[in-house]
2 protein chains.
Amino acid sequence: MTATILDRCEAKGLRLTAPRRLIAEVLQAASDHPDVETIHARAAAKDASISLATVYRTMNLFEDAGIVERREFGDGRARWEDAERDHHDHLIDVQTGEVIEFVDPEIEALQERIAARLGYELKGHRLELFAIKRK
Amino acid sequence: MTATILDRCEAKGLRLTAPRRLIAEVLQAASDHPDVETIHARAAAKDASISLATVYRTMNLFEDAGIVERREFGDGRARWEDAERDHHDHLIDVQTGEVIEFVDPEIEALQERIAARLGYELKGHRLELFAIKRK
DNA sequence: GTAAGTGCAAAAATTTTGCGAGGAT
DNA sequence: ATCCTCGCAAAATTTTTGCACTTAC
């Protein structure tokens, strides 16, 4: 149903070079939020000739194409995840650290309206709820 | 009602040096989300002898003390704001980097309902909208 | 064939740190 | 007096870029 990263590269008319295919494969397989160093390490495990500069360039390319999303967790490095898979928000249990993913169409629509009211077109969002379990 | 940054420094037992007083003053006066370079420039306007390293050290100190909050808006630099200012969310213009603050009672209420539906009691949240200006 | 992409190394940008001098308590 | 903090410069980290060579279309 959801197109693969490689499919979306093709759909965007990006040149399918060996490094790009490899990075797409690494991102497709990732269920975490890898930084550039990690992506490079995973790619280099399959083809050691890939350079860090290419990973940086490719992530910027994929971001501009809307294929991946950049995340900043406050540790000074950018982290990345599949933009198609990122249609969820996070609720963090502040007592246990447990993270629950959720999607709410109503809140997505409301965000659109808020952006529009401010004169903007919504391109993305990040929502984190901090909460404690109800007794 | 809300204590000034300087008051909170004192309450936390931080040493009140000239550079820290000056940085506290700059942050107190700020209504935007300045990065370190900007904070340094504003401080240097009043005392040119202040160093960038001291601004970095002081921001980390204030963050550890819970006096300011670090924000990452995806441009590679940390930005800072008073931790005790009234709650608001952020809309970031991804083309210009401009940051607009907003509060929306409807979205606050909706977040409460989402948390409740998941069996949680909402304690706080963080919402960032990424958008581009409409033509 | 041609425009775009790659690896490498150097550069740029942001943040941290070692050190001796100076200041707060 | 004793730590702590400062400014400076050097180092560390993360990201970008110039260049010559290679590749996808």
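Below, chains carry the letters A, B, ... as their sequence lines are ordered, and counting in each starts from 1. Everything quoted here is computed from the prediction, not taken from an experiment.
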For atom [atom1] of [X] and atom [atom2] of [N], their distance in whole Å:
X: His40(A); N: dT16(D); atom1: NE2; atom2: P; answer: 15 Å
X: Arg79(B); N: dT15(C); atom1: CZ; atom2: C1'; answer: 16 Å
X: Leu52(A); N: dT6(C); atom1: CG; atom2: P; answer: 13 Å
X: Arg71(B); N: dT14(C); atom1: CZ; atom2: P; answer: 20 Å
X: Asp75(B); N: dT15(C); atom1: CG; atom2: C1'; answer: 14 Å
X: Asp35(A); N: dT15(D); atom1: CG; atom2: P; answer: 8 Å
X: Tyr56(B); N: dC6(D); atom1: OH; atom2: P; answer: 16 Å

Quick one, which residues of residues 10-33 of chain B touch DNA chain D with a heavy atom under 4.0 Å?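 Listed by number, they are Arg15(B), Thr17(B), Pro19(B), Arg20(B).
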Return whichever of Ala53(B) or Arg77(B) has its heavy-atom-nearest nucleotide of DNA chain C closer to the 5' end.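 This one resolves to Arg77(B).
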Rounded to the nearest 0.5 Å, what separates atom CG in Leu14(A) from atom CD1 in Ile67(A)?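 These two atoms lie 5.0 Å from each other.
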side-chain hydrogen bond (donor to acceptor under 3.5 Å, both in side chains) partner of Asp35(B), chosen from His40(B), Arg71(B), Arg77(B), Arg79(B): Arg77(B)
Other residues, nucleotides and ligands only: do more than 12 of their heavy atoms fall within 6.0 Å of CD on Glu84(B)? yes
Kindly say if Asn60(B) contacts the phosphate of dT16(C), meaning a side-chain N or O under 4.0 Å from OP1 or OP2.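 So the side chain of Asn60(B) is within the cut-off, an N or O lying under 4.0 Å from OP1 or OP2 of dT16(C).
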Glu121(B) with Lys133(A): basic N within carboxylate O range, under 4.0 Å: no
